[in-house]
Novice: 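Okay, here's the structure, questions in a sec.
Side-chain atoms are counted along with the backbone in the values below, which use heavy atoms only and exclude waters and symmetry mates. For ligands, and for the atoms within them, numbers begin at 1 and follow the listed sequence.
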Amino acid sequence: MSLPTKVKIVEVGPRDGLQNEAQNVPVEVKVKLVELLVDAGLRSIEAGAFVSPKWVPQMASSAEVYRQVTKSPGISYPMLVPNMRGLEQAIESGVEEIALFAAASETFSQKNTNCSIEESVGRFTDVVSKAQQHNMRIRGYISCALGCPYEGEVDANVVVDLTRRLHDVGCYEVSVADTIGVGTANQAQALFEQLAGAIPVTQLAAHFHDTYGQALANIHAVLQTGVAVIDSSVAGLGGCPYAKGATGNVATEDVVYMLNGMGIDTGIDMDKLLDAGVYINGFLDRAPVSRAANALLKKKAS
Ligand code: HMG
Ligand code: MG
């Protein structure tokens, strides 16, 4: 399989990135971040989550964030939805794309959604059918695909089976996630080869957290299987509240830098992407974890 000539980056910073922040990030900051990302050329930006505010307080403002973002034509602003209650909020907000999530580990499923894997996938049938009545596009996630913070190793066959089920129930794309960033390149590539045999590779996405510094190597490895959709988070923001110690997603700046160097088109303007990272890091009073962003910003300043 040859490498893709184009890659779509799904920016998850405003949701996956910010959901774990202890300090309150005001609506206007989230809105500005989303708009800066659009300006940088991102075409799909996960803007928030309709989950329980008791479970993830940072996402409680998601309806307001979605309302205030100036919607640009041709851009998707998916919102994470765990159940029918979340879908109803998405419908009220006029959301056009939602993202459902399930886990390949029983313990993680319980910790993250208070139900078993079967219960979470069982809910999807009704959620999807109602979402389809509202002409929504539906994306799916599988967490813990390369390892679980509670159970350790995860059976690849469970990941493949769940991916197929999310695809069959109506997800146009299934994003397969290394939630705690433990996977390494050969393992990631073997899994995605298996996945590409289960559903069309054009409907797969890779979602790697960078806890162990393996995300870029893993992305490089799965690109060889034909995957051309990569999730990432500006400035490497984030972590999962139900995966203690897990750090953020791979930084969008690092992914774009690598893909630019490989001659793979992302449509992203690096300078504007850096601006988005500087903006959110300025608010959070934090240095970017992105190695590429740090290096490029230093070079610009010199
Ligand atoms: P539960 O407590 O079992 O829910 O939580 P329940 O149905 O028993 O309801 C309890 C209360 O929550 C009720 O309110 C409901 O109305 C309310 P009360 O009567 O007590 O006032 N409720 C809701 N409120 C707002 N929005 C909703 C909603 N549903 C119920 N949608 C639930 C079950 C799924 C809601 C909860 O476990 C939850 O919100 N979990 C989400 C956790 C989360 O957001 N995790 C992070 C995102 S996933 C992730 O980061 C992984 C990913 O990035 C991929 C990867 O890297 O692996 C996607
Ligand atoms: Mg994630």
Side-chain angles (χ1 to χ4, degrees), residues 10-21 46-64 66 78-93 95 98-105 107-117 119-124 126-127 130-131 138-150 154 159 162-163 166 171 173-183 188 205-211 215 218 230-234 236-252:
V10 176
E11 170 61 49
V12 295
R15 193 280 305 169
D16 205 344
L18 295 181
Q19 70 183 5
N20 210 30
E21 285 299 330
E46 205 167 71
F50 293 120
V51 296
S52 164
K54 286 181 197 142
W55 285 62
V56 187
Q58 187 64 258
M59 290 291 107
S61 59
S62 292
E64 193 52 27
Y66 189 83
M79 301 290 281
L80 204 66
V81 160
N83 56 13
M84 198 52 99
R85 174 80 204 280
L87 177 65
E88 277 154 12
Q89 293 175 61
I91 294 168
E92 276 165 32
S93 301
V95 167
I98 58 167
L100 306 176
F101 53 107
S105 137
T107 313
F108 189 85
S109 181
Q110 289 290 351
K111 300 268 186 197
N112 197 35
T113 48
N114 203 24
C115 65
S116 68
I117 299 174
E119 283 168 324
S120 73
V121 178
R123 281 175 190 162
F124 290 166
D126 287 349
V127 172
K130 191 158 180 183
I138 305 153
R139 199 170 193 250
Y141 283 107
I142 312 290
S143 291
C144 298
L146 295 175
C148 167
Y150 307 102
V154 166
V159 181
L162 279 172
T163 302
L166 259 61
C171 293
E173 190 169 279
V174 183
S175 179
V176 178
D178 185 3
T179 312
I180 52 169
V182 283
H207 178 111
F208 294 137
H209 287 255
D210 202 23
T211 317
N218 292 345
I230 304 293
D231 297 358
S232 62
S233 179
V234 66
L237 294 174
C240 176
Y242 297 98
K244 289 276 170 279
T247 62
N249 297 87
V250 63
T252 308

Novice: Suppose I only count heavy atoms of Leu80 and a 4.0 Å limit; which atoms of ligand 1 are within that range?
Specialist: 47 (C)
Novice: As an exercise, state the distance from CG of Asn83 to CZ of Phe50, rounded to the nearest 0.5 Å.
Specialist: 12.0 Å
Novice: How many angstroms lie between atom CG of Asp231 and atom CZ of Arg139, to the nearest 0.5 angstrom?
Specialist: 4.0 Å
Novice: Going by the order shown, which atoms of ligand 1 are within less than 4.0 Å of some heavy atom of Ser143?
Specialist: 51 (C), 54 (C), 55 (C), 57 (O)
Novice: Using a strict cut-off of 4.0 Å, indicate which atoms of ligand 1 neighbour a heavy atom of His209.
Specialist: 56 (O)
Novice: With backbone taken as N, CA, C and O and side chain as the heavy atoms from C-beta onward, which portion of Asn83 lies under 4.0 Å from ligand 1: side chain, backbone, both, or neither?
Specialist: side chain
Novice: Polar contacts were defined as any N/O atom of the residue lying under 3.5 Å from an N/O atom of the ligand; does this apply to Val56 and ligand 1?
Specialist: no
Novice: Taking 4.0 angstrom as the limit and counting only heavy atoms of Thr113, give me the atoms of ligand 1 inside it, by number and element.
Specialist: 33 (C), 34 (C), 37 (O)
Novice: What part of Glu46 sits under 4.0 Å from ligand 1 if we count only heavy atoms: the side chain, the backbone, both or neither?
Specialist: neither
Novice: Out of curiosity, Ile180 CD1 to Phe208 CZ, how far, rounded to the nearest 0.5 Å?
Specialist: 13.0 Å
Novice: Using a 4.0 Å cut-off to any heavy atom of Phe101, which atoms of ligand 1 qualify?
Specialist: 48 (S)
Novice: Pick one of side chain, backbone, both or neither for how Asn112 approaches ligand 1, counting any non-hydrogen atom pair under 4.0 Å.
Specialist: both
Novice: Measure from the Mg ion (ligand 2) to every N/O/S atom of His207 and report the name of the nearest one.
Specialist: NE2
Novice: Where is the tightest heavy-atom contact between Asn249 and His207, given as atom of each residue plus distance?
Specialist: ND2-NE2, 3.1 Å
Novice: Can you list the atoms of ligand 1 that are under 4.0 Å from a heavy atom of Gln89?
Specialist: 25 (C), 26 (N), 27 (C)
Novice: Any donor and acceptor pair, going by atom type alone, linking the side chain of Ser93 with main-chain N or O of Val95 inside 3.5 Å?
Specialist: no
Novice: Can an N or O of Pro53 be found at a distance shorter than 3.5 Å from an N or O of ligand 1?
Specialist: no
Novice: Taking the cut-offs as 6.0 angstrom to the six-membered ring centre and 45 degrees off its axis, would you call Arg15 and Tyr141 a cation-pi pair?
Specialist: yes
Novice: Can you list the atoms of ligand 1 that are under 4.0 Å from a heavy atom of Ala177?
Specialist: 54 (C), 55 (C), 56 (O), 57 (O)
Novice: Kindly report the OD2-the Mg ion (ligand 2)-NE2 angle for Asp16 and His209 respectively, rounded to 10°.
Specialist: 100°
Novice: Is it true that a side-chain atom of Asp178 and a backbone atom of Val182 form a donor plus acceptor pair closer than 3.5 Å?
Specialist: yes
Novice: Compare all side-chain heavy atoms of His209 with those of Asp16 and state whether any distance is below 4.5 angstrom.
Specialist: yes
Novice: For ligand 1, does Pro82 get within less than 4.0 Å through its side chain, its backbone, both, or neither, judged by non-hydrogen atoms?
Specialist: side chain
Novice: Which atoms of ligand 1 are found less than 4.0 Å from any heavy atom of Lys54?
Specialist: 18 (P), 20 (O), 21 (O)
Novice: Is there a donor-acceptor contact under 3.5 Å from the side chain of Asn218 to the main chain of Gly183?
Specialist: yes
Novice: Is it true that the side chains of Ser116 and Glu119 contain a donor and an acceptor less than 3.5 Å apart?
Specialist: yes
Novice: Is the closest N or O pair between Tyr141 and ligand 1 shorter than 3.5 Å?
Specialist: no
Novice: Considering only heavy atoms, which of Arg85, Lys111, Arg139, Met59 lies nearest to atom 27 (C) of ligand 1?
Specialist: Arg85
Novice: Testing the basics here: between Gln19 and Val56, what is the closest heavy-atom pair and its distance to 0.1 Å?
Specialist: O-CG1, 3.7 Å
Novice: Could you tell me whether some N/O pair between Phe50 and ligand 1 is separated by less than 3.5 angstrom?
Specialist: yes
Novice: I need the minimum non-hydrogen distance between Ala131 and Ile138, along with the two atoms involved.
Specialist: CB-CD1, 3.9 Å
Novice: For Arg123 and ligand 1, does the shortest N/O to N/O distance drop below 3.5 Å?
Specialist: no
